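Notes for the one structure printed next.
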Amino acid sequence: MMNPLQQLSAAMFPDVTATPEQLEEQYPARSLKEGARVTRIAPSPTGYLHLGVFFTAMINRLTASATDGLFYFRLEDTDKKREVEGGADDILTGFNTYGLTLDEGFVAPNTVVGDYGPYQQSERVGIYHVYVKSLVEQGLAYPCFCSEEERAAARETQEAQKCRTGYYGPFAKCRALSPEEALSRIQRGDPYVVRLRSPGDESRRIAFDDLIKGKIEMPENDEDLVLLKSDGVPTYHFAHAVDDHLMRTTHVIRGDEWISSVPKHLQLFRVLGFRAPKYAHVSPIMKEDNGGKRKLSKRKDPEAAMHFYAEQGYPADSVLEYLLTIANSDFEDWRRANPDAPRSKFPFNLKKMSVSGALFDMNKLNDVSKNVIAAMDADTVTEAILAWAEAYDKAFYQKLNADRAFAKGLFAIDRGGPKPRKDMAKWSDAPAYAAYFFDDGFDSSWELPEHLTAADAVAVLKAYKDAYDPTADKQAWFDGLKALCPALGFCPEVKEYKKNPDRYKGHVGDVSTIVRLAVTGRRNTPDLCSIMQLLGKDRVNARLDAAIAKLSV
RNA sequence: GGCCCGAUGGUCAAGCGGUUAAGACACCGCCCUUUCACGGCGGAAACACGGGUUCGAUUCCCGUUCGGGUCACCA
């Protein structure tokens, strides 16, 4: 003979046949080595991949890897209203393109591995019901029939009486319903949610140790939070407890907006008879907003989306290295000491994470990225720029692709060696950097520095053109330039010129500036000799002629 | 408003009772140098405020202020 609670739970969950014990057996403790941490990222598919989610995922990955543990992906798709088509795939491909590997769950779009699934909450509804049924049987959960209007009204009276808002204690109306009453309302077809009968007492305090923030103390939860929404789908809180227990998560590392619900979560684990995981709450990456700080916003800040970095052409390594400097600030020192070591060798530690949110620093990202790019060889850079341009700058792609050897040649200038150039922070800097290598990108509107006259410049260019040896190496080229100086009234040695500036029209640097302007249209460029060799005799001569004509007008 | 958390140069940050309060980015100057970049050297720039505790507080405690988070059938 069933007691009233059993009758109630049976009526609420006619389809449930399994028991919590059976689920325990189905998802046994993982056999991992002592101290191995099992972490996870559990995003909801509400849009494109957000920097904050990526950052949190990276911290989880690092934590698992540092302990020979495991990192998995679970999809929290319990809110159909907010769900975005393809959202999960975008997150997964994002992880993949940044080399953030998943060990279990969704590891790529439409690819699931592991024995602790399903890894998608919408497919786990039956599992949640097993536990809710059990809770109802034990009197630890109950159906609540309060309408939205009733709850709103209750809220108003609470506010008027200046007491805490929420569904708790005396305000938890349906708590008082007998199992028989509840049963008859269910049989009548009244819609309901299932709430926890909270054993908490607001006047007691609960303490826990957050792995990042340290010891935190808060009042116990006494709210009868919703376990199952009226459509039978669980809330985040309940799904978190069930999933992370069954999937044997040891460390829950998530955004710190969750910190205030830890008392709820701890209570849930206790009521369910689960051992609670360790928590680590990651501070958000912030953005400066006229004087103040705020979380990076999907709507307002383009840099909040991982797409942004791909569009701008930041190498994945740059983003990863930058994020790591935010995560553990001693990463920079480590990197300086170990310039070529793989990131996985870095001793990452949750305890080294900042307690408060860091402002996103584009300057810093650019600096990190310049270093990353400076360390790449010409082939790598060329391939990366080609790939970037193909996706985001078709015209530039066609130019480069028309002559790949030429493209590689221009990106090879001054690359490698002990003093690499750091001109580019991202691939989208490349079109401007490379413009003058192409005739249609050459800007002929340049002007001479003020201390040089057009007539002198023309004389320089004519003399240079006559002496121009396309085969000269760097040293010979520069010596040739110096040799031209005396006859033109310029000083071949800068130091000498500085001693007696009145005796000359300028020095060899001015001569090279004139040639540089004629050939590139710019005052500042990488090594001119290399540029001219790459451009080739014909183009160089054509530009010299054009410059002479321009200055002779 | 209740409950949490935080506060060191413009930014990211070391620091754990006695320091000339590191370092990095950005900024400025100088040097190197045919330009630029790279590199080197130097500069400006900080412990939010008020009370305690202590021989001594950036460090510990309490308030204030400011900033952030959270108070849903969203995650």
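Naming: A, B, ... by sequence-line order, numbering from 1 per chain. What you are looking at is a predicted structure, and each value in this text was computed from that prediction instead of being measured.
- Salt-bridge annotation for A:E257 and A:K295: present, with a side-chain N of the basic residue lying under 4.0 Å from a carboxylate O of the acidic one.
- Taking the six-membered ring where the residue is Trp, A:Y322 and A:F360 present perpendicular rings, their angle passing 60° and hence far from 30°.
- Separating the NE2 atom of A:H451 from the P atom of B:U35 is a distance of 12 Å, rounded to the nearest angstrom.
- A donor N or O paired with an acceptor N or O is not found under 3.5 Å between the base of B:U70 and the side-chain atoms of A:S260.
- Shown here, B:C3 forms a base pair with B:G69; the pair counts as Watson-Crick or G-U wobble because both key distances fall under 3.5 Å.
- A:K80 has a carboxylate O that lies under 4.0 Å from a charged side-chain N of A:D231, or vice versa, which qualifies the two as a salt bridge.
- In the set B:C5, B:C25, B:U34, the nucleotide with an atom closest to the side chain of A:D367 is B:C25.
- The side chain to side chain contact (heavy atoms under 4.5 Å, CB included) test with A:I285 is passed by exactly one of A:D361, A:L359, A:L323: A:L323.
- Residue A:R155 is in sugar-phosphate contact alone, with no base atom involved, counting any heavy-atom pair closer than 4.0 Å across all strands shown.
- Aromatic ring orientation, A:F208 versus A:H281: perpendicular (interplanar angle above 60°, classes split at 30° and 60°).
- When heavy atoms are screened at a 4.0 angstrom cut-off, A:K364 is found touching base atoms of the nucleic acid.
- Checking B:G69, B:A75, B:C38 against every side-chain atom of A:K422, the shortest atom distance belongs to B:C38.
- In this structure, A:Y464 places its OH atom 16 Å from P of B:U34, rounding to the nearest Å.
- As rounded to whole Å, 7 Å separates atom C1' of B:A72 from atom CZ of A:R151.
- Pairing for B:C60 is with B:G52, a Watson-Crick or G-U wobble pair whose two hydrogen-bonding atom distances lie under 3.5 Å.
- Aromatic pair A:Y236/A:W258: centroids less than 6.0 angstrom apart.
- The residue among A:M286 and A:S261 whose nearest nucleotide of RNA chain B is located toward the 5' end is A:M286.
- B:C5 atom P lies 18 Å from atom CE of A:M353, rounded to whole Å.
- Of the listed nucleotides (B:U34, B:A26, B:U70), B:U70 has the atom at the smallest distance from the side chain of A:E257.
- Atom CD in A:E159 sits roughly 9 Å away from atom C1' in B:G1 (whole-Å rounding).
- Two rings, from A:F145 and A:Y192, have their centers less than 6.0 Å apart.
- A:S329 comes within 4.0 angstrom of the backbone, heavy atoms only, and of no base.
- Here B:C74 sits opposite no nucleotide as a Watson-Crick or G-U wobble pair (both hydrogen-bonding atom distances under 3.5 Å).
- Taking every side-chain heavy atom of A:I216 into account, B:C5 is the closest of B:G39, B:A75, B:C5.
- Contact annotation for A:R522: no contact, since no heavy-atom pair falls under 4.0 Å across all strands.
- Formation of a donor-acceptor pair under 3.5 Å by the A:N366 side chain with backbone atoms of A:A425 is not found in this model.
- Comparing B:U70, B:U34, B:C4 against the side chain of A:M218 picks out B:C4 as the nearest.
- At the heavy-atom level, A:R195 lies under 4.0 Å from the strands shown only through sugar-phosphate atoms.
- Both A:K215 and A:S512 lie near RNA chain B, and the one whose nearest nucleotide falls closer to the 5' end is A:K215.
- When Watson-Crick and G-U wobble pairs are counted only if both distances are under 3.5 Å, B:G39 pairs with B:C31.
- Between the C1' atom of B:A37 and the CZ atom of A:R516 lies a distance of 11 Å, rounded to the nearest Å.
- Pair assignment for B:A24: B:U11, on the basis of Watson-Crick or G-U wobble contacts that are both within less than 3.5 Å.
- When every heavy atom of A:S297 is checked against every heavy atom of A:A304, the shortest pair comes out as O-CB, 3.6 Å.
- For the segment residues 204-214 of chain A, residues with any heavy atom less than 4.0 angstrom from an atom of RNA chain B are, sorted by number, A:R205.
- OP1 and OP2 of B:G67 both lie 4.0 Å or more from every side-chain N or O belonging to A:S356.
- Against RNA chain B, the stretch residues 221-237 of chain A makes heavy-atom approaches under 4.0 Å through A:V226, A:K229, A:S230, A:P234, A:Y236.
- Heavy atoms of A:S354 sit under 4.0 angstrom from primed sugar atoms or phosphate atoms, though from no base atom.
- Rounded to an integer number of Å, the gap from A:H281 NE2 to B:G68 P is 20 Å.
- With hydrogens and angles left out, the side chain of A:R421 and the base of B:C38 share no donor-acceptor pair within 3.5 Å.
- Counting only distance, with no hydrogens or angles, the side chain of A:E321 and the backbone of A:S318 share no donor-acceptor pair below 3.5 Å.
- Electrostatic pairing of A:K352 and A:D330 counts as a salt bridge here, judged by a charged N lying under 4.0 Å from a carboxylate O.
- One N or O on the side chain of A:K229 and one on the backbone of A:T78 form a donor-acceptor pair closer than 3.5 Å.
- Distance from the side chain of A:D527 is smallest for B:U34 among the nucleotides B:U34, B:A75, B:C73.
- A donor-acceptor contact under 3.5 Å is not formed by the side chain of A:R164 with the base of B:C71.
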